[in-house]
Amino acid sequence: MFLLSSEQSWLRIDLSLIIAWGLCLVQCRNSKMAAEEKEARLEKMRHSAAHVMAEAVQSLFQGTKFGIGPAIEDGFYYDFELPRALVPDDLPTIEAKMKEIIAANAAFAKEEMDKAKALQFFSDQPYKLELIEELPDETVTIYRQGSFVDLCRGPHVNSTGNIGAFKLTSIAGAYWRGDEKRPMLQRIYGVAFDTQAELEDYLARLAEASKRDHRKLGKELDLFSLHDEAGPGLVHWHPKGALVREIIEDFWKKEHRKRGYDIVYTPHIAKVDLWKTSGHWDFYRENLYSPMDIEGQEYIIKPMNCLGHILMYKTQLRSYRNLPLRWAELGTVYRYERSGVLHGLARVRGFTQDDAHIFCRPDQLEAEVTEVVQLACFMLDTFGFHDYELLLSTRPEKYAGTIQSWEEATEALRKVLQCLELGYTIDPGEGVFYGPKIDIKLRDALGRLWQGPTIQVDFNLPQRFDVNYIGDDGSEHQVVMVHRTVLGSMERFMACLIEHYAGAFPVWLSPVQAVIIPIADRHLDYAHHLAGELREGGMRVQVDDRSERMNLKIREAQLGKVPYMLVVGDKELDSSTVSLRLRNGEDLGSLTASEFMSRVKSVIEARVPDKL
RNA sequence: GCCCACAUAGCUCAGUCGGUAGAGCACGUUCUUGGUAAGAACGGGGUCACCAGUUCGAAUCUGGUUGUGGGCUCCA
């Protein structure tokens, strides 16, 4: 890592290394520590690989200006300003040069340099100068290997020969210091591991993961589509995808009613003045679509569902006795998203939030948030997600409300997370302008995180819209509003769900739970009769009555990830049974329709992800 | 929006040096009635994303537009 933070973090790193070594010496490390140690070692090696890549680029391109080049998960990157745009063909050339440098096995030499000298030394490197100027200390460290010298905090491997197997994977544009107002540099990403075998294993896993891509599976399984003609980021749900969505929504509604939510509907457009009052017109303008004129009045399509709920709340005087009110809506919203960020179902321009707004008294906030977090965890758990991250986002630079109210609400959220003993990290300054929030992020097939459930405290809207209740003292008090989703949006949730199961949905979610496969036309009547019986029992069943061979029908059901295949031929017809094949390839032989039904019913009721 | 790449039949993809396009699957018709992952034959289907330009001639070269992919920034 580069010297971007204080001397204290230097110390921390060095100490942690010394401690790690010490523990190693007394041989009391357990596997977790061994893993951490390996991670630290890999990070050092990957960071060194970034330096080697920089040296290779320097030797290939005159006048390269260097940005930063850290280790990242599985690899490294380095940002450069180059005389020309990189093309994919450049990567093998750079790789070859890197291999030469590694073969030369030059030592990584650390040097200290005082700041003034460093400024002189890096005088033709504007980005490095900027970094040096921001460093608090009077001396900086540089690392030298071969002909390449870089400003760097270290640590590094001893010499370039200690770099393991690596591969440069992609080139990308990246703004200097992540600021879109600053120059865009060219970033080269690479991956690096100790051994060639580990590298190949990683690349194989990557290829495997891309088979789970929801965009690919969405097409293959006929779940949804997006269309140039309709516009980017606008999802069309095909019957099977719509069915999965409907099952999720039905489940969602039932679970909400159980927990004291009421379900409401609000319109998709509203007068723009409403959004001016709310602050969205000022704070959220860049995500709003242009107003449309209706009889001389300007309307916009809603980017959020909250305002409708507020208007409904205000149709009556509300007593403290009647709070909290929990109003839920599967509300479809439209937001302008910049074209470069759209991604299948995971990031779109029109989506349906599984939204709800809780209007409560301040003293109820903690209990309400607790229940919402529990509900979100219950939902994720039910759908089979166990690997997610909780984040507590605190007050941003631009905020509404008083510092005191922010602190109280943030403290309430923190307390909830602690009481529930959920591991979480703080995301400083990442709250919404109207209040702090808890976000839950889900992983897609490639390990990228997507924000799903979110729980946001809001001080702004109750104040702007005078959202009040009559307290036990007979006077008006402002409510606290909680905006929350427990899935996120139907679109993004579906994306994560598809990737999580690689398209093989658990039985309760499968759009087609069973395909009946008659062997010959004379079994068609029996097949349709069976289908009727199973449908009567609530199953989603299809009969593959084409005049195709059984093998083809099995193959297609298998590729369609249908959990159960019921083969019926003479034998089954005679004995009034079905021959059951599972999508994992298992052949369970024959059983009666009712035996099959009771098996499936128990699987469905349990909602166990991987059981058939 | 920005950087790089890509766009050929419904889908997955070939298409050499610039000379008016091909496969497999899917679809249609016919034959086949087959016991646990692809039965066979024949047939229909393309303004090579769109708009310009260069050229005797463009899927192919150039520019622009739209869309897609990987990043960056931003977010459910």
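Chain letters run A, B, ... following the sequence lines, proteins first, then strands; residues in each count from 1.
As rounded to the nearest Å, B:rA52 and B:rG15 have C1' atoms that lie 25 Å from one another. Rounded to whole Å, the C1' atom of B:rU29 lies 22 Å from the corresponding atom of B:rC11. B:rA40 and B:rC25: their P atoms are spaced 8 Å apart (whole Å). The gap from the P atom of B:rA21 to that of B:rC48 amounts to 9 Å, rounded to the nearest Å. Annotation: B:rU68 and B:rU12 have their P atoms spaced 15 Å apart (nearest Å). Remark: the separation of the P atoms in B:rG22 and B:rC72 is 43 Å, to the nearest Å. Comparing B:rC50 with B:rA58, their P atoms sit 15 Å apart, to the nearest whole Å. Remark: the separation of the C1' atoms in B:rC74 and B:rA5 is 22 Å, to the nearest Å.
Within the structure, a side-chain polar atom (N or O) of A:Gln456 is placed less than 4.0 Å from OP1 or OP2 of B:rA76. At the phosphate of B:rC72, OP1 or OP2 sits under 4.0 Å from a side-chain N or O atom of A:Tyr189. Within the structure, a side-chain polar atom (N or O) of A:Arg215 is placed less than 4.0 Å from OP1 or OP2 of B:rG70. Distances shorter than 4.0 Å separate some side-chain N or O of A:Gln451 from OP1 or OP2 on B:rA76. In this structure, A:Ser339 reaches the B:rG1 phosphate: one of its side-chain N or O atoms is under 4.0 Å from OP1 or OP2. Contact check, A:Tyr336 against B:rG1: a side-chain N or O comes under 4.0 Å of OP1 or OP2. Between A:Lys553 and the phosphate of B:rG34, there is no side-chain N or O to OP1/OP2 separation shorter than 4.0 Å.
No N or O donor and acceptor, one from the side chain of A:Tyr175 and one from the base of B:rG71, sit under 3.5 Å apart. In the interface, the side chain of A:Arg182 is not paired with the base of B:rC2 through any donor and acceptor atom under 3.5 Å apart.
Counting non-hydrogen atoms under 4.0 angstrom, A:Lys571 reaches a base of the nucleic acid. Among the protein residues, A:Lys437 comes within range of the sugar-phosphate backbone only, with heavy atoms under 4.0 Å from sugar or phosphate atoms but none that close to a base. Nucleic acid contact for A:Gly585: none, since no nucleic acid atom lies under 4.0 Å from a heavy atom of the residue.
Comparing A:Pro88 and A:Tyr284 against RNA chain B, the residue whose closest nucleotide sits nearer the 5' end is A:Pro88.
Between the CZ atom of A:Arg522 and the P atom of B:rU32 there is a distance of 15 Å, given to the nearest Å. Taking atom CG of residue A:Asp521 and atom P of nucleotide B:rG34, one finds them 10 Å apart after rounding to whole Å. Between the CG atom of A:Leu391 and the C1' atom of B:rC75 there is a distance of 14 Å, given to the nearest Å. Between A:Arg187 atom CZ and B:rC2 atom P the separation is 18 Å, expressed in whole Å. When rounded to the nearest whole Å, the span between CG of A:Leu559 and C1' of B:rU36 equals 14 Å. Computed from coordinates, the A:Glu548 CD to B:rA26 P distance equals 8 Å when rounded to whole Å.
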**Study point:** A:His47 vs A:Phe76, ring pair (Phe, Tyr, Trp, His ring centres under 6.0 Å): CA-CA, chis, key distance, verdict
**Key:** CA-CA 6 Å; A:His47 181 193; A:Phe76 57 92; 9.7 Å; no
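As the counterpart of B:rC75, no nucleotide is assigned, since no Watson-Crick or G-U wobble pattern has both distances under 3.5 Å.
Across A:Leu342 and A:Pro232, no two heavy atoms sit closer than the pair CD1-CB, 3.6 Å.
Among A:Arg212, A:Lys211, A:Arg205, the one residue that satisfies the salt bridge (charged side-chain N to carboxylate O under 4.0 Å, His left out) test with A:Glu208 is A:Lys211.
Of the charged side-chain nitrogens involved, none lies within less than 4.0 Å of a carboxylate oxygen, so that A:Lys441 and A:Asp439 do not count as a salt-bridged pair. The existence of a salt bridge linking A:Glu595 and A:Arg599 is excluded, since no basic side-chain nitrogen approaches an acidic carboxylate oxygen closer than 4.0 Å.
When distances run from any side-chain atom of A:Leu552 to the nucleotides B:rG70, B:rG1, B:rG39, the shortest one goes to B:rG39. Listed nucleotides B:rC4, B:rU33, B:rG71 differ in distance to A:Met184; the shortest reach to its side chain belongs to B:rG71.
Aromatic stacking is marked for A:Phe351 over B:rA76, as both cut-offs hold: 5.5 Å for the centres and 30° for the planes.
Figure legend: cation-pi geometry between A:Arg182 and A:Tyr127 absent, as NZ or CZ is not positioned both under 6.0 Å from the six-membered ring centre and within 45° of its axis.
Note: A:His280 and A:Phe433 have perpendicular aromatic rings, judged against thresholds of 30 and 60 degrees for the angle between ring planes.
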